[in-house]
Amino acid sequence: MASNSTKSFLADAGYGEQELDANSALMELDKGLRSGKLGEQCEAVVRFPRLFQKYPFPILINSAFLKLADVFRVGNNFLRLCVLKVTQQSEKHLEKILNVDEFVKRIFSVIHSNDPVARAITLRMLGSLASIIPERKNAHHSIRQSLDSHDNVEVEAAVFAAANFSAQSKDFAVGICNKISEMIQGLATPVDLKLKLIPILQHMHHDAILASSARQLLQQLVTSYPSTKMVIVSLHTFTLLAASSLVDTPKQIQLLLQYLKNDPRKAVKRLAIQDLKLLANKTPHTWNRENIQALCECALQTPYDSLKLGMLSVLSTLSGTIAVKHYFSIASGNVGSSPRSSDLVRLAQECCYHSNRGIAAHGVRVLTNITVSCQEKDLLALEQDAVFGLESLLVLCSQDDSPGAQATLKIALNCMVKLAKGRPHLSQSVVETLLTQLHSAQDAARILMCHCLAAIAMQLPVLGDGMLGDLMELYKVIGRSATDKQQELLVSLATVIFVASQKALSAEIKAVIKQQLESVSNGWTVYRIARQASRMGNHDMARELYQSLLTQVASEHFYFWLNSLKEFSHAEQCLTGLQEENYSSALSCIAESLKFYHKGIASLTAASTPLNPLSFQCEFVKLRIDLLQAFSQLICTCNSLKTSPPPAIATTIAMTLGNDLQRCGRISNQMKQSMEEFRSLASRYGDLYQASFDADSATLRNVELQQQSCLLISHTIEALILDPESASFQEYGSTGAAHADSEYERRMMSVYNHVLEEVESLNRKYTPVSYMHTACLCNAIIALLKVPLSFQRYFFQKLQSTSIKLALSPSPRNPAEPIAVQNNQQLALKVEGVVQHGSKPGLFRKIQSVCLNVSSTLQSKSGQDYKIPIDNMTNEMEQRVEPHNDYFSTQFLLNFAILGTHNITVESSVKDANGIVWKTGPRTTIFVKSLEDPYSQQIRLQQQQAQQPLQQQQQRNAYTRF
């Protein structure tokens with residue numbers, strides 16, 4: 001989390017205590033605002049965005065903005081400018097202002113100042129607030145008035161505010177459109193002001209009529225004012241308006257192509273290309289064949305490399321979309337246009353060997369995309385052109401260390417990976433080219449080429465063995481110096497070697513890698529290589545590398561972390577000695593592995609800190625330990641058929657009880673317990689999956705495979721022993737058809753399919769339970785454990801960080817104190833939340849909505865028990881809210897009819913863009929004390945007082961009779 005990774009804002013600000021609450025922080029800044037020194041006031045103002053970042057809830061933000069509004073009202077222009085900058089920086093917090101009227105009132109009072117600069121800053125301030133006051137008529141009126149001002153600063157501010165309000169308010173856009181039109185067409189308006197007014201028209205897309213009138217005005221401007229600046233601004237505004245209104249996009253593409261073809265000015269052509277690129281990215285489906293054809297003709301005819309590069313970048317963007325398929329499908333259906341249909345291909349072929357690297361890269365990308373996307377065509381010549389073009393570009397860029405050459409090389413290597421995936425028969429030549437070029441390339445290029453080789457080898461593991469010889473030769477000769485590039489190259493090459501040698505590493509490879517690491521590498525490089533070895537399942541290599549690093553770290557937390565990784569690698573290495581049909585050695589291997597796993601989990605727990613609790617790692621390892629114990633127990637259960645066979649009267653007992661399984665003896669109950677245990681483990685793996693919102697897809701797939709292993713064993717027990725007749729193999733048989741992205745996944749899938757085939761054949765031939773059935777189960781366990789476990793990226797590295805912070809109101813001063821509520825009233829519980837991100841928000845998945853679940857349970861009763869409807873006894877509610885600017889709020893009405901202390905739990909989970917629910921937390925608890933309302937209490941006391949004389953009279957009568 002971002003807030004966790006940095007120091008407290010107040011500590012940075014030098015305010016003493018690191019962990020002050022929100023009120024104390026605001027008071028500290030308020031002191032600065034009240035200071036008599038301008039410098040201290042300005043310093044206090046500019047610290048507000050950090051305060052909002054640390055305490056992003058409305059109650060503080062509302063108070064802070066009201067204080068800033070006071071400073072804006074009474075301060076000088078420099079202070080006002082500072083407040084304006086703070087408001088613009090804190091745009092996503094504006095909607096949390098609760099007293100919008102009071103805030104705007106204080107700001108708006110400055111608009112009546114005699115100082116035009118003060119009025120200009122106020123207009124910019126109002127423009128920045130347009131998202132929360134889009135329909136304020138006094139603000140609309142002030143902007144219209146200021147557009148007629150004689151002061152240039154004020155007019156520019158009014159233009160800024162008009163643009164912001166037009167984007168937010170349909171009424172303002174409709175009202176201001178004619179005013180803008182008159183000013184643009186008026187002779188008295190200076191040209192530079194017209195150039196600033198025209199971009200406002202891009203926001204006139206609120207309805208079709210408004211968009212049409214803005215489009216007509218822009219059309220007139222383009223023809224009436226042919227100067228370069230006016231044409232450029234008008235055309236760009238035209239494009240943005242078309243992209244927003246959508247209906248006029250095809251017309252806009254034609255207009256831009258017309259200017260690209262006919263206008264002789266380079267600046268206009270460049271602008272047309274830039275806008276075509278924007279439309280190609282946003283709406284590729286609106287491009288028809290004629291548009292692409294016209295662009296190809298322009299590119300073929302232009303003598304300027306810079307323009308050709310721009311046009312080719314548009315075509316390369318389109319070539320990766322549906323537009324290129326549409327282009328070729330129409331061309332193939334129309335025989336008359338077959339020569340022209342190859343213009344795109346001809347252009348790409350011409351550009352593949354161009355002297356300009358950028359043009360060559362785009363030409364190669366177009367060819368690659370055509371080759372991959374048009375699978376139904378016989379494109380042998382195109383395939384060869386694409387491969388030759390990639391080879392020449394690789395040779396050209398791998399000798400150059402400049403940033404431009406590296407960017408071009410990345411494009412070429414991405415095309416190689418795409419080509420190898422889409423056309424596997426070309427992958428061998430691609431790999432050979434890369435290996436040949438690796439020896440003579442620069443270090444920066446070698447790193448990128450290694451990444452490419454690793455990506456191809458992951459997709460096509462059959463190519464791995466052929467790479468090893470060249471890679472090992474290269475590994476021996478590199479690393480003469482300890483530069484950053486050399487260190488990076490060591491890691492990249494080691495990764496490719498691990499991927500290429502899909503099975504266990506040979507002793508020779510290990511020796512070469514260790515020798516190189518001892519000579520020039522630093523500790524971080526060794527750790528990264530060890531991490532890659534753990535990901536690829538080379539645990540013996542990883543253990544040795546972690547062992548060598550233990551004495552090189554400065555923190556005990558790092559020591560315990562490395563020690564835990566060493567123990568886990570050792571534990572997994574113990575499982576490599578498993579052999580089929582040898583069940584006693586399997587038990588000893590698993591026991592040995594568990595011993596090291598228990599040592600490792602102790603170290604891992606010691607490595608965790610409050611800021612980095614390592615919750616995923618701990619849970620993943622605990623599940624692995626429980627899974628190994630379950631496997632061990634199941635093998636023992638299978639062995640018990642030999643050590644404790646069913647008694648002679650087992651058949652009679654089974655017939656008496658009507659349970660056919662009882663004839664197998666005690667093993668049937670043990671198997672049932674094992675099956676339940678594996679199902680429980682699968683459920684726990686599912687919970688871990690749902691809790692890992694920030695994990696990368698490979699890690700999630702790994703967790704899913706562990707879950708499938710548990711379900712497979714559970715299904716095997718059921719199919720072989722417990723319920724052979726009703727076992728179905730249909731749902732499990734399809735798992736192998738899915739495309740595997742890693743060698744670990746491929747091997748696991750292979751094991752799944754093999755086990756299912758064995759189980760299905762046994763199920764048909766023999767009745768349970770025989771030694772064949774128990775042997776099949778044990779062999780399935782050994783086959784699963786023989787696949788080395790892969791510790792994926794999320795185990796080591798968290799690239800995305802997302803957390804939710806909840807605030808409940810009402811909330812007690814002391815968390816242990818309950819909130820008092822009368823039992824005849826309902827409690828309105830307001831739940832507010834903020835979504836907090838790390839440095840790369842939304843890298844793997846984004847939050848679409850937040851699901852809030854509120855439940856209450858009765859902790860302790862007080863008073864008498866009354867007959868209360870069952871609906872009033874519990875509260876169980878759920879609401880979905882969509883965060884806006886990472887903030888959400890909602891309310892729940894809770895009923896507490898039963899007197900006593902109730903425990904309210906609020907739990908949040910999130911839903912991503914694909915509709916998957918993730919249990920991210922947090923879970924917050926408050927206590928409520930339900931009290932009897934005074935009126936009911938008064939009536940009850942009166943009834944008790946009335947009943948007391950009657951009871952005394954009854955007692956006296958009883959004594960008299962006695």
*Which atom pair, heavy atoms only, marks the closest approach of Ile513 to Tyr475?*
CA-CE2, 3.7 Å

_For Arg535 versus Phe796, what's the shortest heavy-atom pair and its separation?_
CG-CE1, 4.3 Å

*Determine, step by step, whether Tyr353 and Phe388 satisfy the side chain to side chain contact (heavy atoms under 4.5 Å, CB included) criterion, reporting the C-alpha distance in whole Å, the side-chain angles of both residues, the deciding distance to 0.1 Å, and the verdict.*
CA-CA 9 Å; Tyr353 305 102; Phe388 293 154; 3.2 Å; yes

*Hey, does Met541 have a side-chain heavy atom less than 4.5 Å from the side chain of Lys510?*
yes

*asked:* Could you check whether Lys308 pairs with Asp305 (Lys NZ or Arg NE/NH1/NH2 to Asp/Glu carboxylate O, under 4.0 Å)?
replied: no

_Give me the atom names and distance for the closest heavy-atom approach of Ala455 to Val417._
CB-CG2, 4.1 Å

*Between Asp400 and Arg357, is there a salt bridge with N-O shorter than 4.0 Å?*
yes

*Answer whether the closest heavy-atom distance between the side chains of Leu438 and Leu453 falls below 4.5 Å.*
yes

*Are side-chain heavy atoms of Cys450 and Leu489 found at a separation under 4.5 Å?*
yes

*Could you tell me whether Glu572 and Arg624 have a side-chain N and a carboxylate O separated by less than 4.0 Å?*
yes

*Will you find, in the side chains of Ser801 and Asp694, an N or O donor that is under 3.5 Å from an N or O acceptor?*
no

_Gap separating the CG atom of Leu318 from the CG atom of Asn281, nearest 0.5 angstrom_ = 8.5 Å

_Testing the basics here: between Arg365 and Ser319, what is the closest heavy-atom pair and its distance to 0.1 Å?_
O-OG, 4.2 Å

*How long is the span from the CD atom in Glu488 to the NE2 atom in His451, to the nearest 0.5 Å?*
5.5 Å

*How many angstroms lie between atom OG of Ser534 and atom CZ of Phe498, to the nearest 0.5 angstrom?*
9.0 Å

*Taking the six-membered ring for Trp and the full ring for Phe, Tyr or His, determine whether the centres of Trp918 and Tyr689 are under 6.0 Å apart.*
yes

*Indicate whether the side chain of Thr699 and that of Asp696 have a donor and an acceptor atom separated by less than 3.5 Å.*
yes

*With a 4.5 Å heavy-atom cut-off, do Val751 and Val787 have their side chains touching?*
yes

_Donor-acceptor pair between Asn702 and Gln706 side chains, under 3.5 angstrom_ = yes

*Can you list the steps and then say if Gln848 with Asp912 is a side-chain hydrogen bond (donor to acceptor under 3.5 Å, both in side chains)?*
CA-CA 5 Å; Gln848 185 77 22; Asp912 67 9; over 6 Å; no

_Is any side-chain heavy atom of Val314 closer than 4.5 Å to one of Trp287?_
yes

*asked:* Quick one, Val621 with Phe795, criterion side chain to side chain contact (heavy atoms under 4.5 Å, CB included). Give me CA distance, side-chain angles, the key distance, then yes/no.
replied: CA-CA 10 Å; Val621 172; Phe795 195 87; 3.9 Å; yes

_Could you check whether Phe568 and His539 have their ring centres less than 6.0 Å apart?_
no

*Heavy-atom distance under 4.5 Å between the side chains of Arg701 and Gln792, does that happen here?*
no

*asked:* Side chains of Gln487 and Thr525 only: does a donor on one sit below 3.5 Å from an acceptor on the other?
replied: yes

*Judged by modelled atom types alone, do Glu473 and His439 share a side-chain donor-acceptor pair under 3.5 Å?*
no

*Separation between CG of Leu409 and CD of Gln406, rounded to the nearest 0.5 Å*: 6.0 Å

*State plainly whether the residues Asp443 and Arg446 are in salt-bridge range, i.e. N to O under 4.0 Å.*
yes

*Are side-chain heavy atoms of Arg845 and Thr802 found at a separation under 4.5 Å?*
no

*Quick one: pull up NZ in Lys410 and SG in Cys452 and give me the separation to the nearest 0.5 Å.*
13.0 Å

*Please report the shortest heavy-atom distance between Cys352 and Ala360, naming the atom on each side.*
O-CB, 3.5 Å

*Which value, rounded to the nearest 0.5 Å, describes the distance between Ser548 atom OG and Tyr527 atom OH?*
13.0 Å

*Ignoring hydrogens and geometry, is there a side-chain-to-backbone donor-acceptor pair from Ser398 to Ala445 under 3.5 Å?*
no

*Closest approach of Gln707 to Tyr685 (non-hydrogen atoms, all atoms of both residues)*: CB-CB, 3.7 Å

*Measure the shortest side-chain to side-chain distance between Tyr546 and Val526 over non-hydrogen atoms and say whether it is less than 4.5 angstrom.*
no

_Let's go through Val345 and Asp385 carefully: what are the C-alpha distance in whole Å and the side-chain angles of both, what is the deciding distance for side chain to side chain contact (heavy atoms under 4.5 Å, CB included) to 0.1 Å, and is it a yes or a no?_
CA-CA 10 Å; Val345 175; Asp385 282 337; 5.9 Å; no

*Does the pair Leu419 and Val387 meet the rule for a side chain to side chain contact (heavy atoms under 4.5 Å, CB included), with working shown?*
CA-CA 9 Å; Leu419 199 63; Val387 172; 3.9 Å; yes

*Does one side chain, of Asn369 or Lys418, offer a donor that lies under 3.5 Å from an acceptor on the other?*
yes

*Ile322, CD1 atom: more than 12 neighbouring heavy atoms under 6.0 Å*: no

